[in-house]
There are 2 protein chains.
Amino acid sequence: MTRNTQQKEAIRTAFEQANRPLSPDEVLTLASKKVKQLSIATVYRNISTLVEDAFLLTVDVPGEASRYEIAGKEHHHHFQCDECGKIFELEGCLVKDRPRLPRGFRSTRHEVFVYGHCASCA
Amino acid sequence: MTRNTQQKEAIRTAFEQANRPLSPDEVLTLASKKVKQLSIATVYRNISTLVEDAFLLTVDVPGEASRYEIAGKEHHHHFQCDECGKIFELEGCLVKDRPRLPRGFRSTRHEVFVYGHCASCA
DNA sequence: ATCGTTGCAAACTCTTTGCAGGATT
DNA sequence: AATCCTGCAAAGAGTTTGCAACGAT
């Protein structure tokens, strides 16, 4: 039986209000405003639970800590700001229809990361 | 003054023969065949040097250890096999001409990762 | 012989886990 | 009251660094 703790509530709210993929560290910072003694271990544990519950989805990022975003969205890709490091969701798919692969290779999915400057860091 | 040690030679050769991006761990395995007491610390140190020397380029991979590939190639993307985890280089660019970004965002570059099965694991 | 490089082990960082106390139902 | 969850601290995994010995020049 899963319980509704202040910590879990604060973590879920952080994702709903941020509207972008968050790292565990970002979650700690944001959710600590509501539950000030929140520990990083609790953040990790709750993120795992929320992924299992399919409330969150893992976003693996090149060379960085994984981010997590609210699940259920359409196929999309991500943008990382070179300045602030924040990750944002992009709408739509950026890949050409038919990726050319070496013979014998079969593709099942793809990920695209766009880098540059976000609106706040422009 | 940089010296030509057996270790560095074995590491450089590993990249030349592998013909795909390698992780430090893969480098250790491959280069150990020639210099059997090779240590992982030496692999990391030599990779850093080779990146500084612009012989290697870092390939940041989503959710995995960075790989390194021989520098100087044309713009391309990467493929990771879901079975064996190896990373391969793909030719050409897979992204549509004009990525649609939120207002105020400016993009400078992109990375694409294709996943599936390689020829050996098909 | 000099001094850059190596291997080992310790240090770090990020993430996970054990445990006893605390909070939710 | 029962037991799930939390905070703390220790344990892991991957990468980096200090240091004395080694080896390329």
Side-chain angles (χ1 to χ4, degrees), chain A residues 1-15 21-69 80 84-87, chain B residues 1-15 18 21-69 80 84-87 113:
Chain A
M1 220 65 341
T2 171
R3 292 177 183 178
N4 240 357
T5 63
Q6 292 180 29
Q7 288 87 344
K8 175 176 285 183
E9 183 55 28
I11 290 168
R12 200 161 18 200
T13 302
F15 281 103
L22 298 176
S23 68
D25 204 62
E26 288 175 320
V27 172
L28 179 64
T29 302
L30 293 171
S32 289
K33 292 173 184 171
K34 297 200 175 165
V35 181
K36 64 179 209 303
Q37 82 300 359
L38 181 64
S39 81
I40 189 66
T42 296
V43 171
Y44 277 107
R45 277 187 285 226
N46 272 288
I47 286 175
S48 291
T49 304
L50 290 168
V51 169
E52 285 171 17
D53 295 350
F55 174 79
L56 292 180
L57 218 67
T58 303
V59 182
D60 286 327
V61 178
E64 301 231 337
S66 290
R67 309 301 209 272
Y68 301 88
E69 67 184 15
Q80 182 167 34
C84 65
K86 285 178 187 162
I87 296 200
Chain B
M1 217 67 342
T2 171
R3 293 177 184 178
N4 239 355
T5 62
Q6 291 180 28
Q7 288 86 342
K8 175 176 286 183
E9 183 54 29
I11 290 169
R12 201 163 14 204
T13 302
F15 282 103
L22 298 177
S23 67
D25 203 63
E26 286 175 322
V27 173
L28 178 64
T29 301
L30 293 171
S32 289
K33 291 173 185 170
K34 296 201 176 163
V35 181
K36 63 179 211 301
Q37 83 299 0
L38 181 63
S39 80
I40 188 67
T42 296
V43 170
Y44 277 106
R45 277 187 285 227
N46 272 288
I47 286 176
S48 292
T49 305
L50 291 169
V51 168
E52 285 170 18
D53 295 349
F55 174 79
L56 291 180
L57 217 65
T58 303
V59 182
D60 285 327
V61 178
E64 299 232 338
S66 290
R67 308 302 209 272
Y68 302 88
E69 67 184 15
Q80 182 168 35
C84 63
K86 285 178 187 160
I87 295 201
F113 296 89

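Letters A, B, ... mirror the listed sequences (proteins, then strands); counts begin at 1.
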If you find the nucleotide of DNA chain C closest to B:Ser39 and the one closest to B:Arg3, which residue's nucleotide is nearer the 5' end?
B:Arg3
Check: B:Ala10 main-chain N/O paired with B:Arg12 side-chain donor or acceptor under 3.5 Å:
no
What about B:Arg45: does its side chain form a donor-acceptor pair under 3.5 Å with the base of C:dG4?
no
note: B:Glu52, atom CD; C:dT5, atom P; distance rounded to Å ~ 11 Å
When the distance from CD of A:Glu9 to P of D:dC4 is rounded to whole Å, what number comes out?
21 Å
Expressed in angstrom and rounded to an integer, what is the separation of A:Arg12 atom CZ from D:dC5 atom P?
12 Å
From CG of A:Asn4 over to C1' of D:dC5, roughly how many Å is that when rounded to an integer?
12 Å
Could you tell me how far apart A:Ile47 (CD1) and D:dT6 (P) are, to the nearest whole angstrom?
12 Å
Is the shortest side-chain heavy-atom distance between B:Phe15 and B:Leu30 below 4.5 Å?
no
Hey, mind stepping through A:Lys8 and A:Thr49 against side chain to side chain donor-acceptor pair (under 3.5 Å) and telling me if it holds?
CA-CA 10 Å; A:Lys8 175 176 285 183; A:Thr49 304; 5.2 Å; no
Under 4.0 Å: is that the gap between some side-chain N or O of B:Gln6 and OP1 or OP2 of C:dT6?
no
Report the residue (B:Thr2 or B:Ala41) whose heavy-atom-nearest nucleotide on DNA chain C is the more 5′ of the two.
B:Thr2
Heavy atoms only, 4.0 Å cut-off, all strands: where does B:Leu38 land among base, sugar-phosphate and nothing?
sugar-phosphate
Remember a base hit wins even if backbone is also touched, and classify B:Asp25 as base, sugar-phosphate or nothing at under 4.0 Å, heavy atoms.
nothing
For atom OH of B:Tyr44 and atom C1' of C:dT6, their distance in whole Å
17 Å
Using whole Å, report how far CG of A:Asn46 lies from P of D:dC5.
8 Å
Listed nucleotide nearest any side-chain atom of B:Lys8, set C:dT5, D:dC4, D:dT25
C:dT5
Hey, is the side chain of B:Gln7 poking within less than 4.0 Å of OP1 or OP2 on C:dG7, counting only N and O atoms?
yes
Passes side chain to side chain contact (heavy atoms under 4.5 Å, CB included), B:Leu57 versus B:Val59? Steps please.
CA-CA 6 Å; B:Leu57 217 65; B:Val59 182; 5.5 Å; no
Apply the test side chain to side chain contact (heavy atoms under 4.5 Å, CB included) to residues A:Arg67 and A:Lys86: give CA-CA distance (whole Å), side-chain angles for both, the deciding distance (0.1 Å), then the verdict.
CA-CA 10 Å; A:Arg67 309 301 209 272; A:Lys86 285 178 187 162; over 6 Å; no
Taking OP1 and OP2 of D:dA24, is either one under 4.0 Å from a side-chain nitrogen or oxygen of B:Thr5?
no
Whole angstrom is fine here: how far is it from CG in A:Asp60 over to P in C:dC14?
17 Å
